[in-house]
Protein chains: 2
Amino acid sequence: MSQNDLLTPWREVMVEMVRGDQPDLSMRQWALLLTVYLTPGPHTVRRLSEDLEVPKPAISRALDALSIHGLVKRERHDADRRVVLVRKTADGSEFLDRFAEAVDASERSADLGYY
Amino acid sequence: MSQNDLLTPWREVMVEMVRGDQPDLSMRQWALLLTVYLTPGPHTVRRLSEDLEVPKPAISRALDALSIHGLVKRERHDADRRVVLVRKTADGSEFLDRFAEAVDASERSADLGYY
DNA sequence: CTTGCCTGTTTCGCTATCGAAACAGGGCGG
DNA sequence: CCGCCCTGTTTCGATAGCGAAACAGGCAAG
């Protein structure tokens with residue numbers, strides 16, 4: 001598979017992201033969102049900060065942005081109330097579903113070159 | 001293929017982008033860079049603006065940012081000197097090579113689940 | 001040459017994000 | 001209760017991005 005074929009779906013999906021329709025998230029916000037939805041929890045600010053190698057305040061700010069769009073929610077941990085658990089939301093799942101569809105469509109159309 | 005398997009490579013690559021090593025580009029800058037390298041030229045500011053559905057000044061600014069990192073260069077068109085042609089650079093090609101390797105590695109490791 | 005349109009760029013005020021440091025407050029050992 | 005360390009958040013000044021509008025300059029018709 002050529003570099004072009006490999007990267008073309010990325011281009012198409014990123015161009016779609018840029019075309020203003022969806023809420024436009026920064027790269028950190030995307031990385032954070034995908035990490036929350038695709039890796040096993042529980043997700044705390046500290047853990048996300050370490051996993052993404054990004055300072056804690058940046059995580060906190062990114063969570064603000066994602067929360068505003070309803071893509072994620074914060075919840076206090078009962079046992080240790082210092083801890084904030086980052087949870088998925090229905091809106092966020094739906095948002096990622098649409099994103100996955102866009103990725104799928106791009107990769108399928110790139111694969112057409114094989115036949 | 002589940003949504004997870006589809007999106008996991010995206011997560012991994014985006015997390016790598018975020019981990020501060022490489023120049024950190026915004027989504028628009030990525031979309032612009034990939035468009036210049038993966039779609040047939042010649043690329044002018046006007047055309048890029050229309051293709052990405054982003055206002056011209058935003059393209060101009062993004063080109064500034066990419067130029068600073070040496071990922072792209074501007075060149076006046078000889079026949080019509082109003083026009084700016086956006087060109088690939090060696091550094092940019094190398095940068096995208098590394099990016100393609102990261103994508104490839106992520107997708108391969110995700111595919112291991114099939115065997 | 002002048003007018004009008006086209007190119008891409010710059011300016012404007014504003015919002016978002018940045019890293020570093022200070023902060024508020026819960027947990028826990030003494 | 002008192003410190004101390006841990007949690008996540010907020011503040012700070014600085015930087016980067018935004019859209020809209022103004023701008024500089026090339027081109028071409030008259």
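To find a chain, count down the sequence lines: A is the first, B the second, and so on, and within it residues start at 1.
No donor-acceptor pair closer than 3.5 Å links the side chain of Arg28(A) to the backbone N or O of Val54(A). In this structure, the side chain of Thr89(A) engages the main chain of Gly92(A) through a donor-acceptor pair within 3.5 Å. When atom types are taken as modelled, the side chain of Ser109(A) and the backbone of Ser106(A) share a donor-acceptor pair closer than 3.5 angstrom.
Under 4.0 angstrom from either OP1 or OP2 of dG27(C) there lies no side-chain N or O belonging to Arg82(A). For the pair Arg28(A) and dC18(C), the criterion of a side-chain N or O lying under 4.0 Å from OP1 or OP2 is met. Gln29(A) has a side-chain polar atom (N or O) that falls below the 4.0 Å cut-off from OP1 or OP2 of dT17(C).
Summarising the geometry, the separation between CZ on Arg47(A) and C1' on dC6(D) is reported as 17 Å, rounded to the nearest angstrom. Between Asp24(B) atom CG and dC18(C) atom P there is a gap of 9 Å when expressed in whole angstrom units. Whole-Å rounding puts the Leu85(A) CG to dT7(D) P distance at 13 Å. One atom, CZ of Arg46(A), and another, C1' of dG26(C), lie 16 Å apart when rounded to the nearest Å.
To the nearest 0.5 Å, atom CG of residue Leu48(B) and atom OG1 of residue Thr39(B) are 7.5 Å apart.
The nearest heavy atom of DNA chain C to Arg81(A) and to Asp80(B) marks one nucleotide each, and the one closer to the 5' end goes with Asp80(B).
If you chain together hydrophobic residues whose side chains sit under 4.5 Å apart, Leu85(A) and Leu38(A) never meet in one group.
Annotation: proximity of residues 56-76 of chain A to DNA chain C (heavy atom, distance under 4.0 Å) is found for Pro57(A), Ala58(A), Arg61(A), numbered in ascending order.
Backbone-only contact: Thr44(B) has heavy atoms under 4.0 Å from sugar-phosphate atoms and none from a base.
Residues Val86(A) and Ile59(A) fail the side-chain proximity criterion, which asks for heavy atoms closer than 4.5 Å.
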